[in-house]
Amino acid sequence: MAHMITWLLLLLVWVAAGWAAWPRTELLNICMNAKHHKEKPGPEDKLHEQCSPWRKKACCSVNTSLEAHKDISYLYRFNWDHCGKMEPSCKRHFIQDTCLYECSPNLGPWIQEVNQSWRKERILNVPLCKEDCETWWNDCRTSYTCKTNWHKGWNWSSGYNQCPVDAVCHRFDFYFPTPADLCNEIWSHSYKEEKDMPWKLTPRVLFLAWMASMCSARARTDLLNVCMDAKHHKVKPGPEDKLHDQCIPWKKNACCTASVSQELHKDISLLYNFNLDHCGKMEPTCKRHFIQDNCLYECSPNLGPWIQEVNQSWRKERFLNVPLCKEDCESWWEDCRTSYTCKTNWQKGWNWTSGSNRCPAGATCSTFESYFPTPTALCEGVWSHSYKVSNYSRGSGRCIQMWFDTAQGNPNEEVARFCALDMNAGAMPQGIGPCLLSLALMLSLAP
């Protein structure tokens, strides 16, 4: 009887793991639900050249593997030579990257659902071996490109990708100063360069990883009414009656102090020494949005569902993919499109030799709309995907408002509650998994 209970409890734990960890029922030996992928992996004896390692079990067909080797294939009409002829040694890495994406059945743990016309799933943060990333960068550093994020923002008027208006062709090592910049950024964080990964994803390791996630899906125990562990944030939110100007909406419950809120309104504050006027005087209507953005970042206690741990000297946490209301993004872009900048990603790559941020050598000051052709390009790109533009509108209770009227209350509280519940939907209550497993193991020792 004890053994029967043991197996039942273990079965419950296993089922719960599959249910809570990911909507799919399997993580191993699967194909993405995307444009050219097969439904199930299987043998493909005639896969072409760089795709041949997957011939015993592939998610791609022979035709897909052939097309992956063309300069402009029918797969996506993507032109590697958008800034002149790409070096063959560099192009080889992009072909290998395409083969991995199209053919590999081993990417299940990193597949995420997406709402895109050409695919319903993508890969995110696949741990790429550091040597692969370093050789990719070394072989490409002298080739030329005009963008840091190749997933979006191209000019497709000719039927294939061309550089957007005013984008400047530079060497890869200008747009990607380090191997990590290339591997992490070029496909919107499809890869994450791993510094050290001596283990393999065996079923045992996957099970241990699941156990760790059940003990703490996130290091924090709360998703609501929390402050980030970052440079200027308070430990806990609370009233701050004297918050300044654009930060006032958070005065009843804030993660920032009054002095922080005052610094946020300065052209170059003591907080980060960041100069918004790095390409001449920014329009006041544009600067207002960046101040509101800073107030949201520093003051809001409603960003818990999107807080992620990071390993940075100045902060231990950041937020990622906060669903920004579409009107907030559109008005931000409209009010900034005629101001000037020299970069698409403002979180890194600046020249700090003067003590404040300046444009890197060779960077050209152009209007915002030349670097950010669409509202989405601005809101999602400028701070490394801190925001993700929502399809929902202000007041819907499903998207975060960058600023709001305090007389109507804080609408972001409802959004945080909804998203926290949505994240926990279907998951086992914290601690039950390990308890069940411990009980099963104890019962297995019973006579």
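Just so you know, these numbers use all the heavy atoms, side chains as well, and skip hydrogens, waters and symmetry mates.
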Steps toward side-chain hydrogen bond (donor to acceptor under 3.5 Å, both in side chains) verdict (S188, N149): CA-CA 6 Å; S188 297; N149 188 330; 3.0 Å; yes
Criterion side-chain hydrogen bond (donor to acceptor under 3.5 Å, both in side chains) on N63 and S61, from CA distance to verdict: CA-CA 5 Å; N63 286 340; S61 65; 5.3 Å; no
Intermediate values then yes/no, side-chain contact (heavy atoms from CB on, under 4.5 Å), Y101 and M32: CA-CA 9 Å; Y101 173 82; M32 270 184 286; 3.5 Å; yes
Test log, rule side-chain contact (heavy atoms from CB on, under 4.5 Å), inputs S331 and H289: CA-CA 9 Å; S331 62; H289 290 278; 3.5 Å; yes
side-chain contact (heavy atoms from CB on, under 4.5 Å) assessment of V114 paired with R119: CA-CA 7 Å; V114 290; R119 61 180 180 180; 4.1 Å; yes
S393/E327 under side-chain hydrogen bond (donor to acceptor under 3.5 Å, both in side chains): CA gap, chis, key distance, verdict: CA-CA 6 Å; S393 299; E327 298 92 342; 3.0 Å; yes
E44 and K57: CA distance, side-chain angles, deciding distance, salt bridge (charged side-chain N to carboxylate O under 4.0 Å, His left out) verdict: CA-CA 7 Å; E44 293 286 347; K57 188 172 287 186; over 6 Å; no
Worked check of side-chain contact (heavy atoms from CB on, under 4.5 Å) between C379 and W333: CA-CA 8 Å; C379 301; W333 185 76; 5.8 Å; no
Stepwise side-chain hydrogen bond (donor to acceptor under 3.5 Å, both in side chains) check, D293 with Y387: CA-CA 10 Å; D293 158 53; Y387 299 110; 2.6 Å; yes
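Side-chain contact check for P301 versus W250: some heavy-atom pair is nearer than 4.5 Å. Using a 4.5 Å heavy-atom threshold, the side chains of R318 and S386 count as touching. Under the 4.5 Å side-chain criterion, counting only non-hydrogen atoms from C-beta, N410 is in contact with N302. Looking only at side-chain heavy atoms (C-beta outward), D97 and W136 come within less than 4.5 Å of each other. Between P249 and W403, the closest side-chain pair of non-hydrogen atoms falls below 4.5 Å. The shortest side-chain heavy-atom distance between H69 and C99 falls under the 4.5 Å cut-off. Y272 places a side-chain heavy atom less than 4.5 Å from the side chain of H232. Side-chain atoms of R398 and V415, non-hydrogen and from C-beta on, never get closer than 4.5 Å to each other.
When all heavy atoms are compared, the tightest approach of C342 to Y371 is O-OH, 3.3 Å. Contact between P179 and C133 at its shortest, heavy atoms only, is O-SG, 3.0 Å. Of all heavy-atom pairs between C140 and F94, the closest is SG-CE1, 3.8 Å. In terms of heavy atoms, A416 sits closest to W306 at CA-CH2, 4.2 Å. For V226 against I307, the heavy-atom pair with the smallest separation is CG2-CD1, 4.2 Å. Annotation for F372 and K343: closest pair CZ-O, 3.6 Å, computed over non-hydrogen atoms.
Between W350 and F274, the gap from one ring centroid to the other is short of 6.0 Å. A ring-centre distance under 6.0 Å is found for W346 and H278. A ring-centre distance under 6.0 Å is not found for Y160 and H82. Residues Y297 and W383 place their aromatic rings such that the two centres sit no closer than 6.0 Å. Not less than 6.0 angstrom separates the ring centroid of W150 from the ring centroid of Y175.
Within 6.0 Å of NZ on K252 lie no more than 12 heavy atoms contributed by other residues, nucleotides or ligands. Within 6.0 Å of CG on N391 lie no more than 12 heavy atoms contributed by other residues, nucleotides or ligands. Taking a 6.0 Å sphere around NZ of K236, one finds it holds 12 or fewer heavy atoms contributed by other residues, nucleotides or ligands. Shown here is D405, whose CG atom has more than 12 heavy atoms of other residues, nucleotides or ligands within 6.0 Å. Enclosure of atom NZ in K56 is not indicated, since only 12 or fewer non-hydrogen atoms of other residues, nucleotides or ligands lie within 6.0 angstrom. Crowding of F174 atom CZ: a count of heavy atoms from other residues, nucleotides or ligands under 6.0 Å exceeding 12. Counting non-hydrogen atoms of neighbouring residues, nucleotides and ligands closer than 6.0 angstrom, the NZ atom of K287 exceeds 12 such neighbours. Within 6.0 Å of CZ in R55 there are 12 or fewer heavy atoms belonging to other residues, nucleotides or ligands.
Here I400 contributes atom CD1 and N412 contributes atom CG; the two are 4.0 Å apart, rounded to the nearest 0.5 Å. With values rounded to the nearest 0.5 angstrom, S190 atom OG is found 5.0 Å from I123 atom CD1. Here E67 contributes atom CD and Y74 contributes atom OH; the two are 5.0 Å apart, rounded to the nearest 0.5 Å. The CD atom of Q292 sits 12.0 Å away from atom CG of L264, with the distance rounded to the nearest 0.5 Å. The CG atom of L128 sits 8.5 Å away from atom CG of N184, with the distance rounded to the nearest 0.5 Å. Here C183 contributes atom SG and H189 contributes atom NE2; the two are 12.0 Å apart, rounded to the nearest 0.5 Å.
At a threshold of 4.0 Å, the pair D139-R92 does not count as salt-bridged, since none of the basic side-chain nitrogens sits closer than that to a carboxylate oxygen. By the 4.0 Å N-to-carboxylate-O rule, R417 lies too far from E414 to be salt-bridged with it. Between E113 and R122 there is no salt bridge, since no side-chain nitrogen of the basic residue lies less than 4.0 Å from a carboxylate oxygen of the acidic one. Between R394 and D328 a salt bridge is recorded (basic side-chain N to carboxylate O distance below 4.0 Å). Residues D71 and K91 are paired through a salt bridge, judged by an N-O separation under 4.0 Å between the basic side chain and the carboxylate.
Defined by atom type and a distance below 3.5 Å, a donor-acceptor pair is present between the side-chain atoms of N225 and N253.
SG distance check for C247 and C299: not under 2.5 Å. Disulfide criterion (SG-SG under 2.5 Å) for C31 and C59: met. Sulfur atoms SG of C83 and C169 are positioned under 2.5 Å apart.
Exactly one of V322, T376, N321 qualifies for a side-chain contact (heavy atoms from CB on, under 4.5 Å) with K388. That residue is N321. Looking at T148, T178, D181 one by one, the single match for side chain to side chain donor-acceptor pair (under 3.5 Å) with K348 turns out to be D181.
Scanning for ring pair (Phe, Tyr, Trp, His ring centres under 6.0 Å) contacts around W137 gives an empty result, with sequence neighbours left out.
Seen from the ring of F176, R141 does not count as a face-on cation partner, given the 6.0 Å and 45° thresholds.
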